[in-house]
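Reckoned from all heavy atoms, side chains included, excluding hydrogens, waters and symmetry mates. Everything numeric in this text was worked out from a predicted model, so none of it was measured.
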2 protein chains.
Amino acid sequence: MAPRGSYAKGIAKREEILNTALDIVARVGYSRTTVRELAQAVGLSQPGLLHYFGTKEQLFIEILRRRDQVDEAEYSPATRTADGPPDLFGGVTSLVDHNAQVPGLVQLYSRFSSEATEESHPAHEYFRDRYATARAGGAAAIREQQEAGTLPASLDADRLAVLMFALIDGLQSQWMYDSEIDMADQLAYFRALLTGETTCAETDLPSAGRGKSSPKMPGSGES
Amino acid sequence: MAPRGSYAKGIAKREEILNTALDIVARVGYSRTTVRELAQAVGLSQPGLLHYFGTKEQLFIEILRRRDQVDEAEYSPATRTADGPPDLFGGVTSLVDHNAQVPGLVQLYSRFSSEATEESHPAHEYFRDRYATARAGGAAAIREQQEAGTLPASLDADRLAVLMFALIDGLQSQWMYDSEIDMADQLAYFRALLTGETTCAETDLPSAGRGKSSPKMPGSGES
DNA sequence: GTCTATATATTGATAGAC
DNA sequence: GTCTATCAATATATAGAC
């Protein structure tokens, strides 16, 4: 169990590499992050680094896994040490707020996931599983909240989980092209829709209370 | 106005190239589509094709523009020749149904848009504008529907437009990893949430009517 | 485990003839 | 407008020494 000698050193070096890589990618993004650069940052040659991960793709999969690990500990309501019901929207909102601080990681995720779309891509399975796990965890959290009464029982947990993660991905895409997009605000609005805060009992009142333009909604003035 | 001689031929060739490219990409996706391949498909050499577009990026921007053009004519409720109010959800639903038939184009869009995230990328502006235009058009359609009474007046058109297009992008991401994801079904559910079909007046009924698992929701059985 | 050096492979871009 | 031929620019992957 307690790794000894050079084995422990290898583990430690791996850790160092992943942590450093996370920092670098968060800043400079995926496009400009080459294996060579990451190697340099931890005092290794390019083949020296690849020694630990085999290929570039494996390296980046590990970087993403590490990120998941860190984020999950911080933001996943579904996994936290249970005392009350989870808070899916709270967790997701802190997550997107955090992500807005690490644009490079958002880009890495976006680029890598779109590349790994191809079934032959080494990271394909990683993303497939990640989505499935996220949906399952999200749906479970929703059900718990429904039982606890913090979300309407009428909601379809499975469908809502799909919508939820679709929304996160999609908001990030728009945000990358326009940082004025307020992801947390949008999620809050989505949440409000779910709990029927403004929807009920006015379904066909034509044009009442219009002209209230929402804050932080850019890009409405184009052709 | 009426182009004559070799100029007309050039235009025609461009058309042919774009149409053929659309077909090919729809089938094989972006990753495996090289300029050389597209050239071959229209009986040109690689430099011969690039003669029309300059660079690979410009070529793909044009391919996407052409796609937009075709899709807009077919599916955009905001642009159709007005007789009644638009039907945003209807249009968007037919669009995602159509997209499910052309996986390669969905992949092209996804990959290219994640690459063009970088501000220096030649396609950056294209995507930025596209998002902005889509949001503006979506919001306008929503307002029209609100005035016509086909959507609740209480909805925030600007925010809803952001959510709408985020949802489309995000659903496609998930769909690319799991074709069991039913994008149209998810959109229908989202729409139902908006009109308060199942939400109102039961916000804190704890665990009533559970266990109704939704159809076509894969990936709920994982760790 | 780590390095140096090099192979390899794409594939987009360019020069210049026809 | 279109071709042939060639260049060039990356980076990743690998061989083999230490």
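Of the residues in residues 32-57 of chain A, those lying under 4.0 Å from DNA chain C by heavy-atom distance are A:Gly43, A:Leu44, A:Ser45, A:Pro47, A:Gly48, A:His51, A:Tyr52.
Between A:Tyr189 and B:Asp158, the side chains place no donor N or O within less than 3.5 Å of an acceptor N or O (distance only, hydrogens not considered). For the 3.5 Å distance criterion, the side chains of A:Asp68 and A:Tyr126 qualify, holding a donor opposite an acceptor. Of the N and O atoms on the side chains of B:Ser31 and A:Glu118, at least one donor lies less than 3.5 Å from an acceptor on the other residue. Judged by distance alone, the side chains of B:Asn99 and B:Tyr75 never bring a donor and an acceptor atom under 3.5 Å apart.
Note: CD (B:Glu16) to P (D:dG1) measures 14 Å, nearest angstrom.
Remark: B:Glu37 does not engage B:Arg32 in a salt bridge, criterion side-chain N to carboxylate O under 4.0 Å.
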